[in-house]
Amino acid sequence: MKLYIYDHCPFCVRARMIFGLRDVAVEEVVLLNDDEATPIGLIGAKQVPILQKPDGSHMGESLDIVRFIDEYAGKGRLKAEIRPQVQAWFDQISEYYNKLVQPRDVMLGLPEFATQSAIDYFVGKKEKTIGNFQTNLSKTGQYLKRAAAGLAELETLVCSPDALSAELGMEDIIVFPVLRNLTMVRGLEMPPKVLAYVQKMSEQSKVPLYFDRAL
Ligand SMILES: N[C@@H](CCC(=O)N[C@@H](CS)C(=O)NCC(=O)O)C(=O)O
């Protein structure tokens, strides 16, 4: 199977996680961010992740890919329920998440931004939503304060380093990708249970963190 991704894409991390967690082999293909022809040719939309299934057909939508591979692997099933407090936590990160992460995405040397035109495509698109990247970078301190309050709430919801809830589930699939991306923000301090969870989930899912290149 092949999985078309961008490294920075949290929806792609959802899909990457299930391959790691269930130990299913996959070839990851990183597309350039301004490559519209490939995804549109595969699923009719400029969007990743895209999975090429064993029968050669293609499937989009991260959660559909997660459910498909979870069933395909045949090693138990992810718990479907998401606690309302976890959903509420996820819903409030939009206040600061994109503003902290998107300006940094293009500064990390990621393969989807290997060309200037790929960087320009992303910056042009995302600045329409969050505003100027440099301005957002200069406001890092204020976003970090909000992030710290959010992470303190999440700390009370972490059951163990192995899974957010008592067993692996969709909670992990929605929460880990955004925590993993926040590891690219220098100065962001994760409370101890959240940090242990992120490190263990990165190992279990085989999705690397960004701590070593945080900026
Ligand atoms: N609902 C989709 C959302 C996927 C999505 O929004 N992917 C982003 C990357 S994070 C994308 O491909 N955006 C188009 C672009 O960057 O031009 C899913 O869960 O797979």
Side-chain angles (χ1 to χ4, degrees), residues 1-22 24 26-53 57-72 78 80 82 86-87 89-91 93-133 136 169-185 202 205 207-210:
M1 279 183 273
K2 262 189 207 175
L3 187 65
Y4 296 86
I5 59 167
Y6 308 136
D7 191 84
H8 74 277
C9 162
F11 302 99
C12 302
V13 174
R14 293 176 175 182
R16 293 165 71 186
M17 284 175 78
I18 195 67
F19 285 95
L21 291 170
R22 297 306 191 207
V24 175
V26 68
E27 179 192 346
E28 291 184 349
V29 180
V30 182
L31 297 179
L32 282 168
N33 199 255
D34 60 340
D35 176 357
E36 296 185 331
T38 303
I40 291 173
L42 295 176
I43 58 163
K46 200 283 185 184
Q47 190 171 285
V48 288
I50 299 169
L51 176 67
Q52 184 189 68
K53 299 202 274 186
S57 65
H58 292 89
M59 157 186 237
E61 286 303 323
S62 56
L63 296 182
D64 290 345
I65 295 171
V66 168
R67 291 187 199 101
F68 175 78
I69 295 300
D70 201 26
E71 191 172 335
Y72 173 89
L78 293 175
I82 294 177
V86 171
Q87 187 65 51
W89 181 84
F90 182 75
D91 293 341
I93 58 163
S94 55
E95 288 171 27
Y96 54 84
Y97 170 81
N98 283 337
K99 294 170 180 170
L100 279 171
V101 167
Q102 287 177 346
R104 288 171 171 83
D105 283 336
V106 290
M107 300 167 74
L108 297 172
L110 301 177
E112 61 268 36
F113 300 121
T115 63
Q116 190 59 44
S117 67
I119 294 175
D120 293 345
Y121 181 97
F122 183 84
V123 174
K125 202 165 188 174
K126 303 303 179 188
E127 283 194 337
K128 287 199 184 92
T129 317
I130 68 163
N132 181 268
F133 275 14
N136 276 295
M170 295 310 277
E171 285 193 356
D172 300 292
I173 298 292
I174 67 160
V175 170
F176 172 73
V178 296
L179 293 175
R180 177 264 190 176
N181 280 1
L182 285 170
T183 66
M184 74 175 71
V185 186
S202 167
S205 65
V207 178
L209 304 175
Y210 290 125

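Every heavy atom of this structure was used, including side-chain atoms; hydrogens, water molecules and symmetry mates were not. Owing to the predicted nature of the structure, the values given are computational and were not obtained by experimental measurement. Whatever order the structure lists ligands and atoms in, that order sets their numbers, starting from 1.
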*Going through the distances and angles, do R16 and L3 end up as a side chain to side chain contact (heavy atoms under 4.5 Å, CB included)?*
CA-CA 8 Å; R16 293 165 71 186; L3 187 65; 3.9 Å; yes

*Would you call R67-D70 a salt bridge at under 4.0 Å N-O?*
no

_Please determine whether a side-chain nitrogen of the Lys or Arg among D34 and K125 lies less than 4.0 Å from a carboxylate oxygen of the Asp or Glu._
no

*Tell me, with the steps shown, if F113 and L108 meet side chain to side chain contact (heavy atoms under 4.5 Å, CB included).*
CA-CA 9 Å; F113 300 121; L108 297 172; over 6 Å; no

_I need the contact residues for ligand 1: any residue with a non-hydrogen atom closer than 4.0 Å to the ligand, ordered by chain then number._
Y6, C9, P10, F11, K46, Q47, V48, P49, E61, S62, Y121, K125

*Donor on one side chain, acceptor on other, E127 and Q102, under 3.5 Å*: no

*Any salt bridge between D172 and R180, counting N to O under 4.0 Å?*
no

